[in-house]
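Written below as structure tokens is the structure these notes are about.
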Amino acid sequence: MNKKNGQKKRSRFGVYFLAFVILVYLLLFVLQPEATQIALKVSGHLLVKIIPIFLLVILFMGITNYFLHPKIVSKYLGKTSGFKGWLLATSTGILSHGPIYAWYPLLKELRDHGMRSGLVAVFLYNRAIKIPLLPLMIYYFGINFVVILLIYMIIASLLEGKIIEIVER
Amino acid sequence: MKKQPVERERKRLAHSLWKAFKSFSTFVPILLGVILSAGLFQSFLSKNMIASLFAGQILRDTLIGTLIGSILAGNPITSYVIGGELLKSGVSLFAVTAFIVAWVTVGVVQYPAEADILGRRFSALRNLLSFILAILVSMATVMTLRLIP
């Protein structure tokens, strides 16, 4: 019952937020039609790119529902997961694709199944490290910079996860 | 006789996928709102506008870099390109590093969706910590880099 109420509340907030953004678009269209049209085009491109990720996330959510019982999630990503849990959240965060917000629903599903909040934060932070983009980053900033930055970012992700767990305890 | 469990499992899998689809559909309005907001930011803020915000003081610029990186959203490639341009125009590496780190770790545009789906307290804390860590990571990276001959 509570879950249903939460879902209703969430979808209502989402609709209000979307309505607000559309209103901003309409207002900006009157003031600056050209820039607003470009914004709409940029958003359209983003949407087209993100649809496959959304489908992947729905598939993952379905598989999570089917295979992952709370006991399994707890074992690998729960309170007793230990070092393996941190390693799993870091590596899957690095390997995951697409924009960060596409992954929120799946993470919510996993957390509802027993995933630790700290590991959710670790996953989200490590999404910043994208292996396919590394050559481009090296081109712009040099290999030394990229290697040092990545090491510090992984340390920062673990630190963030730990602090969140301490605060939420 | 053996087909029955297979059939049951197939039905259970279909049901799981349907449940996932239904659950995901409740997130669609907020995700659309975030995508539309990202388009607005990318279209209305030019590279020159961003470069003009930096004044040449390392600490202040690092903070500004973190702030702009937190507000802007999009593909990390865009942050590398803008970061590269900023470096060329004389902005410090501290500020540029903080900018590209905050770009992917702090999400002002995505915040409504994150708070709505993962919880307000968790999202506020995560974004605040990521903001502070972007500054610290930038300082540590550039200082370590300077130690390398």
Side-chain angles (χ1 to χ4, degrees), chain A residues 7 10-11 13-15 17-18 20-22 24-25 28 35-36 38-43 46-47 50 54 57-59 61-66 100-102 104-105 107-109 111 117 120-121 124-125 127-128 130 133 136-137 140-141 144-145 148-149 152-153 156 159-160 163-164 167-168, chain B residues 12-13 15-21 23-24 26-44 73-77 80-81 83-84 87 93 96-97 100-101 103-105 107 110 112-114 116-118 121-122 125-126 129-130 133 136-137 140-141 144-145 148:
Chain A
Q7 266 189 6
R10 184 192 318 131
S11 56
F13 174 77
V15 172
F17 179 68
L18 180 62
F20 172 74
V21 178
I22 291 171
V24 173
Y25 262 85
L28 286 171
T36 314
I38 293 171
L40 206 58
K41 265 189 195 164
V42 171
S43 303
L46 275 177
L47 188 65
I50 208 179
F54 280 168
V57 167
I58 294 171
L59 186 71
M61 285 168 78
I63 291 170
T64 307
N65 277 331
Y66 181 73
I100 200 163
Y101 45 88
Y104 296 153
L107 290 170
K108 187 190 181 303
E109 197 86 24
R111 206 174 54 181
S117 283
V120 174
L124 289 174
Y125 202 99
R127 290 207 64 278
K130 290 277 91 37
L133 300 184
L136 193 73
M137 206 181 189
Y140 273 108
F141 305 104
N144 287 346
F145 174 87
I148 296 166
L149 179 69
Y152 280 124
M153 284 184 80
L159 199 67
E160 184 173 284
I163 296 172
I164 285 181
V167 174
E168 290 211 330
Chain B
R12 208 166 73 83
L13 182 64
H15 178 71
S16 296
L17 286 170
W18 175 241
K19 224 175 103 183
F21 177 76
S23 169
F24 190 86
T26 62
F27 303 116
V28 168
I30 197 134
L31 293 174
L32 274 179
V34 168
I35 292 169
L36 284 168
S37 313
L40 273 183
F41 277 104
Q42 281 191 31
S43 161
F44 279 85
N75 196 308
I77 295 172
Y80 305 159
V81 177
L87 268 182
L93 189 57
V96 172
T97 310
I100 58 172
V101 173
W103 179 286
V104 271
T105 57
Q110 301 97 308
E114 185 178 346
D116 197 39
I117 298 167
L118 294 175
R121 191 164 175 260
F122 169 83
L125 185 62
R126 195 193 73 77
L129 284 171
S130 297
L133 284 168
L136 296 178
V137 165
T141 304
T144 311
L145 196 65
I148 297 172

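Residue numbers start from 1 in every chain, and the chains themselves are labelled A, B, ... in the order their sequence lines are given, proteins ahead of strands.
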For B/S16 against A/G62, the heavy-atom pair lying closest together: CB-O, 3.4 Å

Go through B/L133, B/L32, B/L145, B/L36 and name the one with the most non-hydrogen pairs under 4.5 angstrom from chain A. B/L36

Main-chain N/O of B/K19 paired to B/S23 side chain as donor or acceptor, under 3.5 Å: no

With a 4.5 angstrom heavy-atom cut-off, which part of A/F20 approaches chain B: side chain, backbone, both or neither? neither

From the list A/V167, A/I38, A/I163, A/I164, the residue making the most non-hydrogen contacts under 4.5 Å with chain B is A/I164

Counting only non-hydrogen atoms closer than 4.5 Å, does B/F44 touch chain A with its backbone (N, CA, C, O), its side chain (CB onward), both, or neither? side chain

Against chain B, work out which of A/L107, A/T36, A/L40 has the most heavy-atom pairs shorter than 4.5 Å and name it. A/T36

Could you tell me which of B/I35, B/L31, B/V104, B/L87 has the largest number of non-hydrogen atom pairs under 4.5 Å with chain A? B/I35

Leading residue by heavy atom contact count with chain A [cutoff under 4.5 Å; candidates B/L118, B/T97, B/L93, B/L17]: B/L118

Nearest non-hydrogen partners of A/Y140 and B/G84, listed with the distance: CD2-CA, 4.0 Å

So how far is it from B/T141 OG1 to A/F141 CZ, rounded to the nearest 0.5 Å? 11.5 Å

Interface residue of largest heavy-atom contact number with chain A, from B/L136, B/L40, B/V28, under 4.5 Å: B/L40

Please flag which part of B/I148 lies under 4.5 Å from any non-hydrogen atom of chain A: side chain, backbone, both or neither. side chain

Give the member of A/L159, A/L28, A/I22 that has the highest number of heavy-atom pairs under 4.5 Å with chain B. A/L28

Contacts of A/Y152 meeting ring-ring contact (aromatic ring centres under 6.0 Å, His included) (sequence neighbours excluded), chain-then-number -> none

At a 4.5 Å cut-off on heavy atoms, which part of A/F145 comes close to chain B: side chain, backbone, both, or neither? both

A/L59 versus chain B, heavy atoms under 4.5 Å apart: side chain, backbone, both or neither? both

One should read off an interatomic distance between B/W18 CH2 and B/L13 CG, to the nearest 0.5 angstrom, of 14.5 Å

Test of understanding: with side chain to side chain donor-acceptor pair (under 3.5 Å), list the residues that count as partners of A/Y104, not counting sequence neighbours. B/E114

Of all heavy-atom pairs linking B/S43 and A/A35, the shortest is OG-O, 2.7 Å

